[in-house]
Asker: 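Mind having a look at this structure? Questions to follow.
Being a predicted model, the structure only gives us computed values, none of them experimental. In the text below, chain A, chain B and the rest are named by the order of the sequence lines, each starting its count at 1.
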Number of protein chains: 2
Amino acid sequence: MRLLLVEDDRLLAEGLASQLEKAGFSVDVTRSANEAIILGEQEDYKAGVLDLGLPDGNGLDVLRKWRSSKVIFPVLILTARGDWQDKVNGLKAGADDYLAKPFQTEELIARLNAILRRSEGRVHSTVKVGRFELDENRQRLIIEDGTEHSLTGTEFRLLRCLMGRPGHIFSKEQLMEQLYNLNESPNENTIEAYIRRLRKLVGPETIATKRGQGYLFNDPV
Amino acid sequence: MRLLLVEDDRLLAEGLASQLEKAGFSVDVTRSANEAIILGEQEDYKAGVLDLGLPDGNGLDVLRKWRSSKVIFPVLILTARGDWQDKVNGLKAGADDYLAKPFQTEELIARLNAILRRSEGRVHSTVKVGRFELDENRQRLIIEDGTEHSLTGTEFRLLRCLMGRPGHIFSKEQLMEQLYNLNESPNENTIEAYIRRLRKLVGPETIATKRGQGYLFNDPV
DNA sequence: CCAGATTTTCAGAAAGAGTTCAGGTTCGTG
DNA sequence: CACGAACCTGAACTCTTTCTGAAAATCTGG
């Protein structure tokens with residue numbers, strides 16, 4: 001679940017990023033308004049967290065730029081405590097929610113999940129790697145040759161994990177953690193079995209085995 | 001396309017307004033019942049969105065006042081999730097449609113457009129998807145082969161929900177929310193039973209099952 | 001209060017997803 | 001090159017979800 005965090009205060013940004021990552025998000029951080037605009041337009045985020053006070057520009061302008069191009073992921077803005085005007089302007093500029101500083105990280109995570117739920121369906125979210133495209137709404141895999149495959153829940157979660165970071169090696173233990181919870185984790189062979197099923201769809205070379213280390217989705221470069 | 005939004009929750013109101021404006025409406029917002037009555041009578045709106053819970057009066061009274069004077073624009077009421085009684089009373093008081101909170105803004109926009117079309121003097125307000133046409137006034141399903149079927153209330157609401165967003169997967173929980181309320185929501189099998197009946201009308205492939213996810217009305221492409 | 005229409009429930013059948021198993025294959029190392 | 005560990009593979013098994021037909025319950029208008 002990729003997320004863009006636009007935050008000026010480096011310390012706060014790092015703290016938030018680490019907690020958000022613990023909550024299952026994969027977070028990119030920037031403190032520059034201009035970079036934020038470009039990243040938002042080019043990368044495929046599922047949501048944005050936007051601090052309004054930035055060194056090289058106003059956060060609202062970032063948001064307006066995004067909304068006037070076709071950036072549609074939901075955005076939560078962080079406002080200084082009690083700055084009512086900022087809230088209103090932010091919502092007018094197309095923000096989906098706001099949070100006043102200071103706040104608890106749990107609150108932020110809860111609201112993020114809320115706007116993500118709300119935006120489901122509105123955002124046509126896909127992960128694209130090489131010839132493959134994963135439609136997260138419909139849980140489908142689209143291949144460049146035009147074929148389309150419906151995935152089961154576990155197939156989908158596993159593939160999303162791998163495609164979410166192409167070229168990165170995931171150990172079987174890591175994959176188990178992603179797919180299951182502590183109380184009910186099955187045999188590790190289950191992962192192997194699912195890897196096999198996915199390979200039948202994407203071809204054997206696309207998902208590589210690093211013996212003793214894990215699996216990776218081949219980065220197309 | 002002027003629109004009056006009567007909503008207590010300021011945050012929600014702002015968010016909705018901004019999105020409705022994006023959808024091409026020009027929105028006036030008020031949170032007061034009395035102001036709503038006056039605005040509705042004096043201004044020339046094309047439609048109203050009315051939250052029933054207001055600080056200084058009941059939304060239903062606003063609606064009744066409007067209808068007893070000669071305010072005729074279509075009104076969509078927002079009810080607390082599952083407040084079935086409110087829905088019924090609202091429709092009796094002259095509302096044109098209702099939407100249970102929480103809802104997706106898209107859904108609101110879609111329904112607004114529906115009641116606007118209906119009010120624009122079109123005799124037949126219909127939703128058309130592929131070979132199927134849903135007549136919202138007569139609560140009937142018309143199929144391209146010329147057959148016509150009248151639907152029961154629940155059949156109709158369910159089918160309208162599905163056909164309102166072809167290709168979108170609705171979970172059973174979502175469908176339950178749209179059709180029922182919390183206090184008296186039946187067994188989930190009820191949905192299955194209705195799906196079955198609808199399939200007998202539209203054919204088994206038209207409404208697809210996404211196991212573990214929900215149902216969808218197949219988008220014709 | 002009755003009769004017909006509508007809605008809801010039930011329970012068994014069917015289908016699908018998730019998991020395990022038993023054996024085969026490959027890899028790296030001594 | 002032989003051996004064990006890691007991995008692959010296809011099929012079988014288990015469990016959950018969905019389907020289905022019919023019956024029970026509820027509602028509605030007369």
Asker: Which listed nucleotide (dT20(D), dT20(C), dC7(D)) is nearest to the side chain of Asn189(A)?
Answerer: dT20(C)

Asker: Toward the 5' end of DNA chain C, which comes first, Gly153(B) or Glu192(B), by nearest nucleotide?
Answerer: Gly153(B)

Asker: Base, sugar-phosphate alone, or nothing: which one does Thr190(B) contact when heavy atoms must sit under 4.0 Å apart?
Answerer: base

Asker: Between Leu151(A) and Ala193(A), which is nearer to the 5' end of DNA chain C once each is assigned its nearest nucleotide?
Answerer: Leu151(A)

Asker: Please report the distance, rounded to the nearest Å, between OH in Tyr194(A) and P in dT20(C).
Answerer: 10 Å

Asker: Nearest heavy-atom pair of Val127(A) and Glu136(A): which atoms, and what distance?
Answerer: CG2-OE2, 3.6 Å

Asker: Applying a 4.0 Å non-hydrogen cut-off, can you work out what Asn187(B) is touching in the nucleic acid: base, sugar-phosphate, or nothing?
Answerer: sugar-phosphate

Asker: Show the numbers, then the answer: is there a side-chain hydrogen bond (donor to acceptor under 3.5 Å, both in side chains) between Asn34(B) and Ser32(B)?
Answerer: CA-CA 5 Å; Asn34(B) 292 321; Ser32(B) 143; 4.9 Å; no

Asker: On the nucleotide dT19(C), are OP1 or OP2 found under 4.0 Å from the side-chain N or O atoms that Tyr180(A) carries?
Answerer: yes

Asker: Output the rounded distance in Å from NZ (Lys210(B)) to C1' (dA17(C)).
Answerer: 14 Å

Asker: Write down the distance between CZ (Arg197(A)) and P (dT20(C)), rounded to a whole number of angstrom.
Answerer: 12 Å

Asker: What nucleotide, of dT17(D), dT7(C), dC27(C), holds the atom closest to the side chain of Arg211(B)?
Answerer: dT17(D)

Asker: So, is Lys172(B) close to the dT18(D) phosphate, meaning a side-chain N or O under 4.0 Å from OP1 or OP2?
Answerer: yes

Asker: Using a cut-off of less than 4.0 Å, is there contact between a side-chain N or O of Thr209(B) and OP1 or OP2 of dC19(D)?
Answerer: yes

Asker: Counting any heavy atom closer than 4.0 Å, what does Arg199(B) reach on the DNA or RNA strands: base, sugar-phosphate only, or nothing?
Answerer: sugar-phosphate

Asker: Verify the contact: side-chain N or O of Thr154(A) to OP1 or OP2 of dG18(C), cut-off strictly under 4.0 Å; return yes or no.
Answerer: yes

Asker: Give one of base, sugar-phosphate or nothing for Thr152(B), where a contact means two heavy atoms less than 4.0 Å apart.
Answerer: sugar-phosphate

Asker: Among dT18(D), dT9(C), dG28(C), which is the nearest nucleotide to the side chain of Tyr215(B)?
Answerer: dT18(D)

